[in-house]
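Report on one structure; see the data block that follows.
The figures here come from the full heavy-atom set of this structure, side chains too, leaving out hydrogens, waters and symmetry mates. Chain A is the first sequence line, chain B the second, and so forth, proteins listed ahead of strands; every chain is numbered from 1.
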Amino acid sequence: MKYKIPRGTQDILPATSPLWRIVEEKAHDLCRRYNYKEIRTPMFEQTELFARGVGDTTDIVQKEMYTFEDRGGRSLTLRPEGTASVARSYAENKMHGWADQPVKLYYIGPMFRYERPQSGRMRQFVQFGVEAMGSDDPAIDAEVIALAMNFYQELGLKGLKLVINSLGDKESRNAHRSALVNHFEPRISEFCGDCQQRLETNPLRILDCKKDRDHELMATAPSILDYLSDESSAYFKNVQRYLESMNIPYTVDSGLVRGLDYYNSTAFEIMLEGDGFGAITTLMGGGRYNGLVEDLGGPETPGIGFALSLERLLMALETQGIELPVEEGIDAYLVTMGDNAKQHAPALLHRLRAAGIAAEADYMNKKMKGQFKAADRQKAAFTLVIGDDELENGTVVLKNTETGEQENIPEEKAIEKIKEERGA
RNA sequence: GCGGCCGUGGCGAAGCUGGUUAACGCACCGGAUUGUGGCUCCGGCACGCAUGGGUUCGAAUCCCAUCGGUCGCCCCA
């Protein structure tokens, strides 16, 4: 084989593309009910947007971006996530001036990260994301979380676990960071190499290290929640109160950290209980990003959103054996016998299709037996048979593929009958 | 960037302590059955075992390299 698909990408073939449509339609429908409007931003942006927005020190920016130079010498990057683009668009299109606030947007589209692929992690993957911008009402936090939970629940997923935390404002975060360093530094040599690294880069990450989970310093480590300002603390309490009022169960985990620089205040994740699938348990991540729009040159704007991967969703559905209602099978397969009938086929097919009937015929010069097999394989509800006799009479043999009953009737009658049966 | 496992027909999969013709199953095509499928029977379907070197009288089977897949680490959706 000369050409191969690029690493970390996939062809979504007809066997699975219907699942994607179902899931995407669910997202569209849910957003309609929650009154979020679709936004479509470019799949690439100025590299600087992500460096600024996502954060220079993040793994995404440091080693995962698909960056290239265009013919004009501009540095562009395939988007690794959606929030930076939406924030850019918010500022650029002066959405702060729109009559209806907050501006509630959603998107579905491919994202790109240069990583070693593994189960649930691709170089091109599809995210469904939601952003609510312009409001710092804790009720909108709860709404965004509720939307995500409903999305999974309405698709039938079980064992969902919502985890929330508050990262506080910048001051709270810095104070907490110092406290963590002070806590671990004296005995950091007792920790794994990764953790020793984390002490420098992101001390918060030490808290969810799998290797050092049982170290005694873990239990006594300072919690971000103890460093929240009164305001941040009250805000977080309100988010929780709203979740409770909607009967959405959650767990507060002070170790929940989000990886991107723009997050602050409310942070949340939806995970799969137990082992999940492969090494992946996180289905969705999100949080508040007050200040992002401002960082990108717009007005001071609070914002909150989430992003989830449709690949991971489909994997989760599959591991739980959840079957989505895929419509399959065509309405009619036209079997022809002899040259005259074959020549008449296109015209009859044309008429069937114009009448709203999903119809197919043979283009491989198959014998009758082969045509019937094809009709079975394609799950045709009806088989139409025409030969010299039928052509002469302007009739067609209409056969119900399942029951095997058949009758010789005029073409128009057959079309009517199929329409009636199939609701076309 | 690092590590484990793997790479044989459209798919699944034997063969892998080296030795004429590369099992078998599924799918597909044809015939038995020249106007009717799903069952049965018969037949067909890999100038070739990821690619390139090497060892050998001889390699799908051993060695090396490269590429690819997969799973995991890091991190994340």
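- With P as the reference atom, B:C42 and B:U51 are 35 Å apart, rounded to whole Å.
- The salt bridge (charged side-chain N to carboxylate O under 4.0 Å, His left out) search around A:R88 returns A:E45, A:E92, not counting sequence neighbours.
- In this structure, A:R33 pairs ionically with A:E154, as a charged nitrogen and a carboxylate oxygen lie closer than 4.0 Å.
- OP1 and OP2 of B:C75 both lie 4.0 Å or more from every side-chain N or O belonging to A:R113.
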Using a 4.0 Å heavy-atom cut-off, write out nucleotides 26-34 of chain B from 5' to 3' as B (base contacted by protein), S (sugar-phosphate only) or - (no contact).
--SS-SB--
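- Residues passing the ring-ring contact (aromatic ring centres under 6.0 Å, His included) test with A:Y227, sequence neighbours excluded: A:H176.
- The side chain of A:S309 lies closest to B:A77, out of B:G37, B:A77, B:G68.
- A:F236 pairs by the ring-ring contact (aromatic ring centres under 6.0 Å, His included) definition with nothing, not counting sequence neighbours.
- When each of B:G35, B:U36, B:C73 is scored by its nearest atom to the side-chain atoms of A:Q118, the top-ranked nucleotide is B:C73.
- For A:D59, whose side chain is taken as the heavy atoms from C-beta onward, the closest listed nucleotide among B:G35, B:A77, B:C75 is B:C75.
- In this structure, of B:G68, B:G72, B:A77, it is B:A77 that holds the atom nearest to the side chain of A:L260.
- Checked for salt-bridge contact, A:D29 and A:R32 meet the test: a charged N lies under 4.0 Å from a carboxylate O.
- With pairs defined as Watson-Crick or G-U wobble and both atom distances under 3.5 Å, the stems of at least three pairs that touch RNA chain B come out as B:1-7 with B:67-73, B:10-12 with B:24-26, B:28-32 with B:40-44, B:50-54 with B:62-66.
- Listed by chain and number, the residues in a salt bridge (charged side-chain N to carboxylate O under 4.0 Å, His left out) with A:E269 are A:R258 (sequence neighbours excluded).
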